[in-house]
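All heavy atoms count here, side chains included; hydrogens, waters and symmetry mates do not. Start at 1 with the first residue, then count along the sequence. Ligands are counted one by one from 1 in listed order, and the atoms in each one are counted from 1 as well.
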Amino acid sequence: MDLESLKAALAASPDNVPLLLLVAKAYEDEFELADARAAYDHVLSLEPGNTDAMVRIAHLIDLEGRTSEAVLRVETVTQQAPDCAAAWILLARLQLKEGDGKDARASYDRAVSLDASLENDNLLEKIIRSGGTGKRTAMTSDGQLHEENWQDSGGLEGLDGVAARELELEFKINTDVAFKDVGGMEQVKEDIRMKIIHPLKNPDLFKAYGKKAGGGVLMYGPPGCGKTLLSRATAGEIKANFFSIGLHQVLDMYIGESEHKLHKIFELARKYAPSVLFFDEIDALAADRRDLKGSAGRTLINQFLAELDGAEANNEGVLVLGATNAPWHLDSAFLRPGRFDRLIFVPPPDQVAREEIVKIHSKDKPVVSLDETALAKKTDGFSGADITAVFDHATESKLEEAMKQGKIVPITGKDLVKAAKKVKPSTRKWFESAKNYALYANQSGFYDDVLEFMGLKK
Ligand SMILES: Nc1ncnc2c1ncn2[C@@H]1O[C@H](COP(=O)(O)OP(=O)(O)O)[C@@H](O)[C@H]1O
Ligand SMILES: [Mg+2]
């Protein structure tokens, strides 16, 4: 029924609660929020404990930007009517918005247990990614570690439906990025083709020469220069499932749980082969062992190495990609044959790449008379992230002007060149550190590419 006929019906019986709720909902759909609120208030004047009206009002209050008040109101509903699924799901959304993943998860689970139709992968994924993973290993009062969720089993059977789905939501990334979305970097792309794509596509050919397909590839280089982007693009090129693991997602856990989770992640990747398991900022895991608190660090490293070696399971079709800005912090155990035994140096973006990055950044901004080539020339030594900073600087000062004038003031190429002078290229510092390691700790030619890039070796 449309709003007009509902209003007509309401005129005939103004105190009809079900009808009032329908009218209010129709107002919401039309974004007539004040009218919707008035209708819900009317419901409450007739039926003070009406949970539908109370939940919807909380929602409207959140839309006005008063989220913490909305939380208080919806919490009142969950206390008065603990079986109201709509209240729990709204509470979950609000808690997620407030950055409270764990509470959001509890509310979400409660809502779904009351009303299964409220299941929502999209929402759950967001909750999990903000820390609302499933139940954790809990310490019971007698001091026993008590597994509530991850089943202890070495094999794939250990991936029970619930845990597998959770891991998937947390780590599986859809990549529609491909090499064409990465500007320039032709040498790196060629490196990736030779070291990753061809071996995965022609494993038999590689075997014939005594080489193994699979294993690990380590990308290293200065920060902000496209390692993460290239990893995704690689997965896109080979059309493999892509699992991206930030190590804090594994490290911030109770003792024993991290190893378990890591194992499950590898199991999931094996199940989904061909797949790419991407460990970003892997130095966090493999950092100087002294940095890691207690013994959890070492057992986790050993677990990781065992998974890499495929000691207990077959890693065929699983490519492990690591990325790091600080390869010198990596434990040498990681670099042994069969582990991260192929290295790819990702240098700062070249002229073509910088032009591409400039183009990407100017796409959604009011930029005029910009000579991309000229700006790229002025940003030699800049990382992708530095170029982002150049745009941020220029945007900020223009925005200030726009506020004063009350209209859009375009960003010009000149503004950007000016902003570029204020940003310090961050890659130089990286090369200073790298140079020391490359010159004095260049075991088995680990840093040859860096030296070559710096013109110190041919
Ligand atoms: N060659 C490139 N083409 C397009 N964008 C790039 C390129 N290199 C870097 N970027 C952009 O710069 C930013 C930093 O890249 P990122 O992959 O996160 O760097 P890293 O992982 O090496 O620290 C990203 O927003 C990325 O989109
Ligand atoms: Mg990165």
Kindly say whether the aromatic ring centers of Tyr220 and Phe345 come within a distance under 6.0 Å.
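Yes, ring centres under 6.0 Å apart.
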
[X] and ligand 1 - part of the residue with a heavy-atom distance under 4.0 Å:
{"X": "Ile360", "answer": "side chain"}
{"X": "Glu356", "answer": "neither"}
{"X": "Leu229", "answer": "both"}

Can you say whether the rings of [X] and [Y] are parallel (under 30°), tilted (30 to 60°) or perpendicular (over 60°)?
{"X": "Phe340", "Y": "Phe334", "result": "parallel"}
{"X": "Phe304", "Y": "Phe266", "result": "perpendicular"}
{"X": "Tyr437", "Y": "Trp328", "result": "parallel"}

At less than 4.0 angstrom from any non-hydrogen atom of [X], what atoms of ligand 1 do you find?
{"X": "Met185", "answer": "1 (N)"}
{"X": "Pro223", "answer": "23 (O)"}
{"X": "Ile357", "answer": "2 (C), 3 (N), 4 (C), 5 (N), 6 (C), 7 (C), 8 (N), 9 (C), 10 (N)"}

Is the shortest side-chain heavy-atom distance between Leu124 and Arg105 below 4.5 Å?
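Answer yes - side chains close enough.
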
Please state which protein non-hydrogen atom is closest to [atom] and give its distance, to 0.1 Å?
{"atom": "atom 15 (O) of ligand 1", "result": "Gly226 N, 3.5 Å"}
{"atom": "atom 23 (O) of ligand 1", "result": "Gly224 N, 2.7 Å"}
{"atom": "atom 21 (O) of ligand 1", "result": "Thr228 OG1, 2.7 Å"}
{"atom": "atom 3 (N) of ligand 1", "result": "Gly183 N, 3.0 Å"}

Is atom 25 (O) of ligand 1 less than 4.0 angstrom from some protein heavy atom?
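Given the 4.0 Å limit, the answer for atom 25 (O) of ligand 1 is no, no protein heavy atom qualifies.
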
Kindly indicate whether atom 7 (C) of ligand 1 is approached by any protein heavy atom to under 4.0 angstrom.
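Yes, at least one protein heavy atom sits under 4.0 Å from atom 7 (C) of ligand 1.
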
When you look at CG of Leu72, are more than 12 heavy atoms from neighbouring residues, nucleotides or ligands closer to it than 6.0 Å?
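Result for CG/Leu72: enclosed.
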
Expected output: side-chain [X] to main-chain [Y] donor-acceptor under 3.5 Å:
{"X": "Arg232", "Y": "Val177", "answer": "no"}
{"X": "Asp115", "Y": "Ala85", "answer": "no"}
{"X": "Gln351", "Y": "Thr373", "answer": "yes"}

Would you kindly say whether Ser383 and Asp386 are connected by a side-chain donor-acceptor distance under 3.5 Å?
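Yes, side-chain donor-acceptor contact under 3.5 Å.
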
Indicate yes or no: does an N/O atom of Lys227 lie under 3.5 Å from an N/O atom of ligand 1?
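Such a contact does occur with ligand 1.
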
Between Pro349 and ligand 1, is there a nitrogen or oxygen pair with a distance under 3.5 Å?
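So ligand 1 has no N or O lying under 3.5 Å from an N or O of Pro349.
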
Short N/O/S contact of Asn325 with the Mg ion (ligand 2) (below 2.8 Å)
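No - counting backbone and side chain alike, Asn325 has no N, O or S atom under 2.8 Å.
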
